[in-house]
Amino acid sequence: MARWILHMDMDAFFAAVEQLDHPMLRGQPVVVGGLGPRGVVATASYEARAFGVHSAMPIAKARMLCPHAAFVPPRFARYEQVAGQVWAILASYSPLVEPLSLDEAFVDLTGTERLHGPAEETAHGLHRRIRAETGLACSVGLAGNKLLAKLASEAAKPGGIHVVHEQDVEGFLSPLPVGRLWGIGPHTAKVLAERGVHTGGDLRDVDASLLCSWFGPRGGAHLWRLARGLDDSPVVPAREAKSISQEVTYPEDLFQEEVIAGEVRQLAVALAARLVEERLLATTVRVKIRWADFTTRTRQVQLPEPTDHPVLIADEAVALLDRGGLHAESGVRLLGVGLAGLVPATFRPEHLFAPSALTDALREVLSRHGPERLTLGFPGGDRRPS
DNA sequence: TCTGGGGTCCTAGGACCC
DNA sequence: TCTGGGGTCCTAGGACCC
């Protein structure tokens, strides 16, 4: 059966929420991002984009391009609250809603016609309701699969609705630069450009066998389908997280090994707290280090048993730093800790730390004070990034 | 103007086992 | 005597997304 998939993308979401909450900012260039010396732009309002400011740009450059913009730090708790309103609206049209991030989601409208009318009318109604109930603009794409719906919402920006019918697919994809296709990033776009492939139409003209010789059997097959707008992946609500991580870029490079170890412990404990909060255990511990010259290394280890024990996790993370020569050969600009192999805490191996007193204490502290207040007594562990 | 933080998925190579 | 090939698990790195 033919499907109708809708993709909803909030326009300049973080910046739009700031303009909603602070009327003074409406109609003005707004840049949301980390304000430190190494911050980057998370979202720029359309007024700021007119000056060339865009996501992932260093804040320092944004300040040069648009010095009179309002530069504001992100308020994620507030954005989550607004996103919750939006999800509720989407959920009223279909049980199959798949959030991709805080500000965009797929909705499977297949088979909802009897309840809500034709998909195209539903798209208009949903678009209107989001505007009316949140005060924020969104863009909506509607097509026969996720890939095309996503590209359609891109084409609808800002604030519009774009429908791609089956007979229009080729005409829709042909003129698009390949880098705009979902899944083709800067690297793949460059490789394609070197071979004379610049647009969706160019890509469609390349033989499957040639694509496979360039990108391997899987990569080639994926690009071949991409060029034809083929995608049968389902809309999957509420995926379980497979890993969690926390990393910090420091305003100034770190040099002292005790300080570095202390920071890694701090990150590890914060993650252990998240495990406890979400009642999960982890079996893999990872550390990440990035030196001043931006070279980046990761090390990981499997634990013999899944755990949420903060001291155990912190010890493993620090041990990983020591292994494989991850020492401060020059300044360290970023440290990260990650946990994977997540399983529900109900799988806790009984013979190990039988629901430990520490975990109970941690849960107690978290429920009373939240994770911000959590610091264990490690040497140097009370230093927090400023 | 040096380049965030949170994720997912894929690949390649080595260890290990049969 | 020193050689095969498949399967699986693990690690490190990288592409990509928002």
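To find a chain, count down the sequence lines: A is the first, B the second, and so on, and within it residues start at 1.
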Whether [X] contacts [N] is assessed here as follows: a side-chain N or O lying under 4.0 Å from the phosphate OP1 or OP2. Is that the case?
| X | N | result |
| --- | --- | --- |
| A:R333 | B:dT3 | yes |
| A:T298 | C:dA12 | no |
| A:K242 | B:dG7 | no |
| A:R218 | B:dC10 | yes |

Evaluate whether the aromatic ring of A:F294 and the six-membered ring of the B:dT3 base sit under 5.5 Å apart, centre to centre, with an inclination under 30°.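 So A:F294 counts as stacking on the base.
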Residue closer to the 5' end of DNA chain B, A:F215 versus A:S245 (nearest nucleotide):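 Mapping each residue to its closest nucleotide by heavy atoms, the 5'-most match is A:S245.
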What is the nucleic acid contact for [X], judged by heavy atoms within less than 4.0 Å: base, sugar-phosphate only, or nothing?
| X | result |
| --- | --- |
| A:A62 | nothing |
| A:R63 | nothing |
| A:P37 | sugar-phosphate |

Any donor-acceptor pair under 3.5 Å linking the side chain of A:R228 with the backbone of A:W224?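 Yes, because the side chain of A:R228 sits within donor-acceptor range (under 3.5 Å) of the backbone of A:W224.
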Cation-pi check for A:F215 against A:R218: NZ or CZ below 6.0 Å from the six-membered ring centre and within 45 degrees of the axis, yes or no? no
Over how many whole Å does the gap from A:L147 atom CG to C:dC16 atom P extend?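 Nearest whole value for this atom pair: 15 Å.
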Protein-nucleotide distance (A:M64, atom CE; B:dT3, atom P), rounded to Å: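 Going from CE in A:M64 over to P in B:dT3 covers 14 Å.
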Residues A:T307, A:L281; criterion side-chain contact (heavy atoms from CB on, under 4.5 Å); working and verdict: CA-CA 5 Å; A:T307 184; A:L281 305 175; 5.6 Å; no
Quick one: look up who C:dC18 pairs with, Watson-Crick or G-U, both distances under 3.5 Å, and put none if it's unpaired. B:dG5
Apply side-chain contact (heavy atoms from CB on, under 4.5 Å) to residues A:C138 and A:R131 and explain how you reach the verdict. CA-CA 7 Å; A:C138 68; A:R131 160 66 90 180; over 6 Å; no
N-glycosidic conformation, C:dC2 - syn within 90 degrees of 0, else anti: anti
